[in-house]
Novice: 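This is the structure I have questions about; it appears just below.
Given the structure is predicted, the values throughout are model-derived calculations rather than measurements. Numbered from 1 within each chain, the chains take letters A, B, ... in sequence-line order.
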Number of protein chains: 2
Amino acid sequence: MAIQSSDQQVIGVRERARRQGERIRAHIRERIDSGAWGPGHKLPTDRELARDFGIARNTVRRTLERLEHERLIVRQVGRGSFVATAEPAPRNPANDSRPDASPADVMELRLLVEPQMAELIVLRATARDMDALDECVRKSELARSYHDYERWDEALHRTLAICTKNNGLIALMDTINAQRNQPDWINLKKRTLTQTVRRTYQEQHRAIVAAVKKRDKDKTREAIRIHLAEVRQNLLGEH
Amino acid sequence: MAIQSSDQQVIGVRERARRQGERIRAHIRERIDSGAWGPGHKLPTDRELARDFGIARNTVRRTLERLEHERLIVRQVGRGSFVATAEPAPRNPANDSRPDASPADVMELRLLVEPQMAELIVLRATARDMDALDECVRKSELARSYHDYERWDEALHRTLAICTKNNGLIALMDTINAQRNQPDWINLKKRTLTQTVRRTYQEQHRAIVAAVKKRDKDKTREAIRIHLAEVRQNLLGEH
DNA sequence: GCCAACTGATCCAATACTGAGCCATTGATG
DNA sequence: CATCAATGGCTCAGTATTGGATCAGTTGGC
């Protein structure tokens, strides 16, 4: 089978066949470093890049793997590849070099804090808050894609924080949610979020909201605790 | 003799079928942001939008769902979709700033979290951590200026967080401490930190460290709780 | 000749979009 | 009051796109 379409390129390509990966890698890095592709920008698909550069898709993909490993980009099946958000740690000058909280740390923190919010929640949640909780549960159950589900799951836990009317807790929940959107978390979650697991979560979410509606402090705390324990179990195993 | 058999070559023509949602979303956002569609303005129906943009109704509806989730629009069955009224406290962490946590909020948060750290502290504190705790207590008692005292008091609570070996908790404690250094907090503290109060705090600090050294989970939790309750009482009165 | 990099190809899984249909609520009309 | 058209809510099957993965073969430099 003759390779008709790329005859003119064959010679040039073959000459540098060993530097193709480096070539495309430099191109992408340049775009990102120069700011032409800001955080969140969608990269061309690997198939597009392969075609435009006259390189095999496999080579492009290995290059993208490297870039992903270097946290310069994030890739998601069915969606595309994106420039990573806030990649090189835009830390405050005050205190840096503190390692990020690991998924295990974050889950431990959540188990420490969120069940304790129960008392404040049942004490201060308004009728509007209850509606918002209902909406989160309903929408998360209707979510068809992993992304939609995650959005509403996050919203549920954030709404619980809002119920406490404590701005410190709301801010804390936002910080936690920000962690949950880091690349390694996303991979961890996607690996473990099967249909069965999701159904379990939905039941647990319902239980939490039901307890809040009854303003039952103890049931709320226990429902939250059970749910988070299950999440940790699924994400990290044992405990 | 084209070779177009491999999927690597068949790209391009309809490659934008992926971005329809983004397209219409940008259009609506532009109208809202520019003020062309003010609060309460009725959007075209989803069927209209789908027809005008040549996009499937389902896709339009997904986009509207996103906009609703972002609180940019509200939708009502049988009536239509409307630009949200900006007044009900924009809740999107992305583009607006939340009011800071008040001193009451922060103390509530601390009472929620810090006693719960007790179990992790007695489980994971190293001998070096114990020494650090001792140093904090000693230095705070020797402090001659208000400023020095505050520094070592902060350090003590931060060291307790360090004992948990949980980076999320350490980060949280840093956030809390940052709040405590805001102008209104400083005034609050200076007004209330009398010699008597300071002596009480010192005793309570000693009690906490002693409980940690004995690795007594319950005593540690209770000692922390008592201390924070006292601090809250002194800062804010009642409760 | 050997080895690492690259090629070309094929299949899979997740996601986005399309097209079609039906239901539930609303508000106007008769 | 009954009816009905408009409109958002929801589901389903099918298509297209995209990253993930693997394998056998080729190439270029040592």
Novice: Taking CG from B/Leu67 and P from D/dG9, how many angstroms apart are they, rounded to a whole number?
Specialist: 13 Å

Novice: Give every donor-acceptor pair under 3.5 Å between a side-chain atom in residues 109-119 of chain A and any protein atom, sequence neighbours left out.
Specialist:
from     : atom 1 : to       : atom 2 : distance (Å)
A/Arg110 : NE     : A/Glu114 : OE2    : 2.6
A/Arg110 : NH2    : A/Glu114 : OE2    : 3.3
A/Arg110 : NH2    : A/His157 : ND1    : 3.3
A/Glu114 : OE1    : A/His157 : ND1    : 3.1

Novice: List the residues meeting side chain to side chain donor-acceptor pair (under 3.5 Å) with A/Arg124, not counting sequence neighbours, and say none if there are none.
Specialist: B/Glu108

Novice: Classify the ring geometry between A/His205 and A/Tyr149 as parallel (under 30°), tilted (30 to 60°) or perpendicular (over 60°).
Specialist: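 The arrangement is parallel - the two ring planes meet at less than 30°.
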
Novice: Could you tell me how far apart B/Arg18 (CZ) and C/dT18 (C1') are, to the nearest whole angstrom?
Specialist: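 My rounded result for the distance is 12 Å.
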
Novice: From C-beta outward on A/Lys42, which listed nucleotide comes closest to its side chain: D/dT18, C/dC6, D/dG20?
Specialist: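 Out of D/dT18, C/dC6, D/dG20, the nucleotide with an atom closest to A/Lys42's side chain is D/dT18.
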
Novice: Could you work out, with side chain to side chain donor-acceptor pair (under 3.5 Å) as the rule, every residue matching B/Arg79, not counting sequence neighbours?
Specialist: B/Gln76

Novice: Could you tell me how far apart A/Arg19 (CZ) and C/dA5 (P) are, to the nearest whole angstrom?
Specialist: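 To the nearest whole Å, that distance equals 14 Å.
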
Novice: Let me know the distance between CZ of A/Phe53 and P of C/dT7, rounded to the nearest Å.
Specialist: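 Nearest whole value for this atom pair: 13 Å.
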
Novice: Treating primed atoms plus P, OP1 and OP2 as sugar-phosphate and everything else as base, which nucleotides of nucleotides 21-30 of chain C get B, S or - for protein heavy atoms under 4.0 Å?
Specialist: BB-BBSS---

Novice: Using whole Å, report how far CG of B/Leu64 lies from P of D/dG9.
Specialist: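 It is 9 Å, rounded to the nearest whole Å.
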
Novice: For A/Gln204, enumerate each residue passing the side chain to side chain donor-acceptor pair (under 3.5 Å) test, keeping only those at least two apart in sequence or located in another chain.
Specialist: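 A/Gln204 satisfies side chain to side chain donor-acceptor pair (under 3.5 Å) with A/His227 once adjacent residues are dropped.
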
Novice: Should A/Glu22 and A/Arg66 count as an ion pair when the cut-off is N to O under 4.0 Å?
Specialist: yes

Novice: Side chain to side chain donor-acceptor pair (under 3.5 Å) with A/Tyr201: which residues, sequence neighbours excluded?
Specialist: A/Asn234

Novice: CZ of A/Arg23 versus P of C/dA5: gap in Å, rounded?
Specialist: 18 Å

Novice: May I ask you to verify if any side-chain N or O of B/Ser81 is less than 4.0 angstrom from the OP1 or OP2 atom of D/dG8?
Specialist: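 For B/Ser81, the contact criterion (side-chain N or O under 4.0 Å from OP1 or OP2 of D/dG8) is met.
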
Novice: Rounded to the Å, how far apart are A/Asp46 CG and C/dC6 P?
Specialist: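 These atoms are roughly 15 Å apart.
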
Novice: Tell me which nucleotide among D/dT18, D/dT7, D/dG9 gets nearest to the side chain of B/Arg61.
Specialist: D/dG9

Novice: Measure from CZ on B/Arg62 to P on C/dT18 and round the result to the nearest Å.
Specialist: 10 Å

